[in-house]
Amino acid sequence: MGELRFVRMGFGDEAVDYQVAWDEQRRVHAARFADEVPDTVILLEHPPVYTAGRRTEDSERPLDGTPVIDVDRGGKITWHGPGQLVGYPIQKLPRPVDVVAHVRRLEEALIRTCTEFGLETTRVEGRSGVWVLGDPVEQRPSLGGLSLDFDPRLQDEEFDPRLNGPEYAPSNAGQRREDRKIAAIGIRVAKGVTMHGFALNVNPDNKWFDKIIPCGIRDAGVASLANELGRDVTIEEVLPVVERHLEDVLENADLRPRVVEKAPVAVTTSGV
């Protein structure tokens with residue numbers, strides 16, 4: 001891949017309104033498609049906001065009517081806000097686009113970032129993003145004094161943690177020693193150019209996630225670098241590390257079009 005530029009759009013007191021950032025993404029997307037700019041990664045913080053991808057169900061939104069911005073990325077509902085480093089890589093990829101490979105590259109850069117800070121993270125089969133793995137189920141503490149055999153989440157596919165107290169809240173998944181997501185990924189590809197991207201929880205107030213079903217996942221929670229490491233970690237510390245690993249992974253990627261398998265040609269014969 002060629003040149004990769006980083007644009008630090010705004011952090012802290014200069015956090016960028018989601019709609020403003022979305023408009024800027026579309027502007028850069030159009031410029032990248034026209035080859036007027038190189039591949040670009042926009043990095044920023046947002047003021048608190050919930051955004052819903054195209055697959056979000058009504059039952060996953062805030063119960064109290066908190067506003068949600070519906071966006072054109074993949075994935076489901078999530079939260080953005082202070083203490084979360086958001087990145088929007090706008091890249092031109094060869095067609096047919098290999099979306100999964102793009103997501104895996106973003107995951108890899110974030111996994112390397114967490115490793116550099118001393119936190120082991122990984123991927124989870126069938127679930128995008130970067131995860132801190134919990135203990136095996138049989139080793140986890142019981143909830144509310146109940147054994148795991150009576151955990152309502154095992155019996156009710158529509159169990160709603162928002163209605164069942166803090167012991168089930170996504171923000172408390174670490175205390176429950178369950179799998180928890182530290183970085184979410186949701187993208188869109190239009191005209192062969194990517195949009196949207198990742199959100200890495202550095203030191204946010206993860207209670208914001210308790211109003212929703214984060215990413216539509218009911219049996220896991222959310223994590224942050226600060227909580228997992230047990231110390232203060234700042235966006236300022238993490239920003240150059242993320243940039244370095246994104247640069248290494250994305251610039252050295254061997255970009256190839258997705259392999260399209262041709263359907264076998266049916267052969268028919270007729271009797272003589």
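The chain is numbered in sequence order, starting from 1. Computed from heavy atoms alone, side chains included, the values below leave out hydrogens, waters and symmetry copies.
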Rounded distance (nearest 0.5 Å) linking atom CD of Glu237 with atom CD of Glu116 | 11.0 Å

Any sub-3.5 Å donor-acceptor pair from Thr56's side-chain atoms to Ile77's backbone N or O?
-> yes

Give a yes or no answer on whether the side chain of Glu228 reaches the backbone of Leu119 with a donor-acceptor pair at less than 3.5 Å.
-> no

Heavy-atom side-chain proximity of Val193 to Met195 below 4.5 angstrom | no

Shared hydrophobic cluster, Ile185 / Leu250 (ILVMFWY, side-chain heavy atoms < 4.5 Å) | yes

Listed partners of Ala101 passing side-chain contact (heavy atoms from CB on, under 4.5 Å), at least two apart = Asp98, Arg105

For the pair Arg95 (side chain) and Leu93 (backbone), establish whether a donor and an acceptor sit closer than 3.5 Å, ignoring hydrogens and angles.
-> no

Taking Thr40 for the side chain and Arg5 for the main chain, is one N or O donor matched with an acceptor at less than 3.5 Å?
-> no

Quick one: does Leu163's side chain get under 4.5 Å of Leu63's, heavy atoms only?
-> yes

Taking NZ, NE, NH1 and NH2 as the nitrogens, is one of them in Arg32 or Asp39 under 4.0 Å from a carboxylate oxygen of the other?
-> yes

Name all pairs fulfilling the ring-ring contact (aromatic ring centres under 6.0 Å, His included) condition that reach into residues 207-228, sequence neighbours left out, sorted by first residue then second.
-> Trp79-Trp208, Trp79-Phe209

Of all heavy-atom pairs linking Gly192 and Val97, the shortest is CA-CG2, 3.9 Å

Verify, without hydrogens or angle tests, whether Arg73 (side chain) and Lys76 (backbone) share a donor-acceptor contact under 3.5 angstrom.
-> yes

Within-4.5 Å side-chain heavy-atom neighbours: Phe198 and Val130 = no

Going from CD1 on Ile235 to CG on Leu43, what distance comes out if it is rounded to the nearest 0.5 angstrom?
-> 10.0 Å

Salt bridge present between Lys211 and Asp64 (N-O < 4.0 angstrom) | yes

Under-4.0 Å salt bridge between Arg61 and Asp70 | yes

Asp210 side chain to Ala169 main-chain N or O, any donor-acceptor pair under 3.5 Å?
-> no

How many angstroms lie between OG1 in Thr121 and CH2 in Trp131, if you round to the nearest 0.5 Å?
-> 12.0 Å

Report yes if some heavy atom in the side chain of Pro48 is under 4.5 Å from a heavy atom in the side chain of Pro82; otherwise report no.
-> yes

Would you check if there is a donor-acceptor pair between the side chains of His29 and Gln25 at a distance under 3.5 Å?
-> no

Do Ser224 and Asn203 have side-chain N/O donor and acceptor atoms under 3.5 Å apart?
-> no

Compare every heavy atom of Ala21 with every heavy atom of Leu44, then report the nearest pair and how far apart it is.
-> CD2-CB, 3.8 Å

Given the rule in the side chain to side chain contact (heavy atoms under 4.5 Å, CB included) test, do Tyr50 and Thr78 qualify, once you have shown the distances and angles that lead to the verdict?
-> CA-CA 6 Å; Tyr50 293 101; Thr78 193; over 6 Å; no

Is Glu24 salt-bridged to Arg27, going by a charged N under 4.0 Å from an acidic O?
-> yes

Taking 4.0 angstrom as the limit, do Arg127 and Asp179 come out as a salt bridge?
-> no

Arg244 versus Asp248: any side-chain heavy-atom pair under 4.5 Å?
-> no

Could you state the interatomic distance from CG (Leu106) to CG (Leu246), rounded to the nearest 0.5 Å?
-> 7.0 Å

Is the number of heavy atoms from other residues, nucleotides or ligands under 6.0 Å of Glu236 CD greater than 12?
-> no

Can you hop from Ile187 to Val28 via hydrophobic side chains spaced under 4.5 Å?
-> no

Within the distance-only criterion (no hydrogens, no angle test), does the side chain of Asn206 pair as donor or acceptor with the backbone N or O of Pro170 below 3.5 angstrom?
-> no

Sub-3.5 Å donor-acceptor pair from the side chain of Arg218 to the main-chain atoms of Phe159, do we have one?
-> yes

Without placing hydrogens or testing angles, list every side-chain donor-acceptor pair under 3.5 Å for residues 6-13, not counting sequence neighbours.
unit_1 : atom_1 : unit_2 : atom_2 : d
Arg8   : NE     : Glu243 : OE2    : 3.0
Arg8   : NH2    : Glu243 : OE1    : 2.8

Mind checking whether Leu110 and Val124 sit in one hydrophobic cluster, side chains of I, L, V, M, F, W, Y counted as touching below 4.5 Å?
-> no

Atom of Cys215, atom of Lys181 and distance for their closest heavy-atom approach | SG-NZ, 3.3 Å

Nearest atoms (heavy-atom pairs only) where Val16 meets His46 = O-ND1, 2.6 Å

For Pro166 and Asn172, the nearest pair of non-hydrogen atoms, with its separation, is O-ND2, 2.7 Å

Please work out which of the three classes, parallel, tilted or perpendicular, describes the rings of His196 and Tyr88, given edges at 30° and 60°.
-> perpendicular

Side chain to side chain contact (heavy atoms under 4.5 Å, CB included) assessment of Leu85 paired with Val242 = CA-CA 9 Å; Leu85 177 58; Val242 167; 3.7 Å; yes

Donor-acceptor pair, Asn227 side chain versus Ala223 backbone, under 3.5 Å?
-> no

Is a side-chain N or O of Asn164 found less than 3.5 angstrom from the main chain of Asp160, in a donor-acceptor match?
-> yes

With the side chain counted from C-beta on, respond yes when Pro94 and Arg256 share a heavy-atom pair under 4.5 Å apart, and no when they do not.
-> no

Tell me whether Leu229 is reachable from Val202 by hopping between hydrophobic residues (I, L, V, M, F, W, Y) whose side-chain heavy atoms are closer than 4.5 Å.
-> yes

Establish whether Val41 and Phe33 are linked, either directly or via other cluster members, by ILVMFWY side-chain heavy-atom contacts under 4.5 Å.
-> no

Evaluate the criterion side chain to side chain contact (heavy atoms under 4.5 Å, CB included) for residue pair Val68 and Thr51; output intermediate values, then yes/no.
-> CA-CA 5 Å; Val68 175; Thr51 70; 5.8 Å; no

Kindly compute the distance separating CD1 (Ile111) from CZ (Arg123), expressed to the nearest 0.5 Å.
-> 4.0 Å

Tightest non-hydrogen contact, residues Ala173 and Val222, listed as CB-N, 4.3 Å

Hey, could you give me the CG/CD distance between Asp205 and Gln84, rounded to the nearest 0.5 Å?
-> 12.0 Å

Evaluate whether atom CD of Gln19 has more than 12 neighbouring non-hydrogen atoms of other residues, nucleotides or ligands under 6.0 angstrom away.
-> yes

Test side chain to side chain contact (heavy atoms under 4.5 Å, CB included) on Ile212 and Glu60 and set out the steps.
-> CA-CA 6 Å; Ile212 59 175; Glu60 296 161 352; over 6 Å; no

Would His245 and Glu108 count as having a side-chain donor-acceptor pair, cut-off 3.5 Å?
-> no

Are Leu200 and Val238 side-chain neighbours, meaning at least one heavy-atom pair lies under 4.5 Å?
-> yes

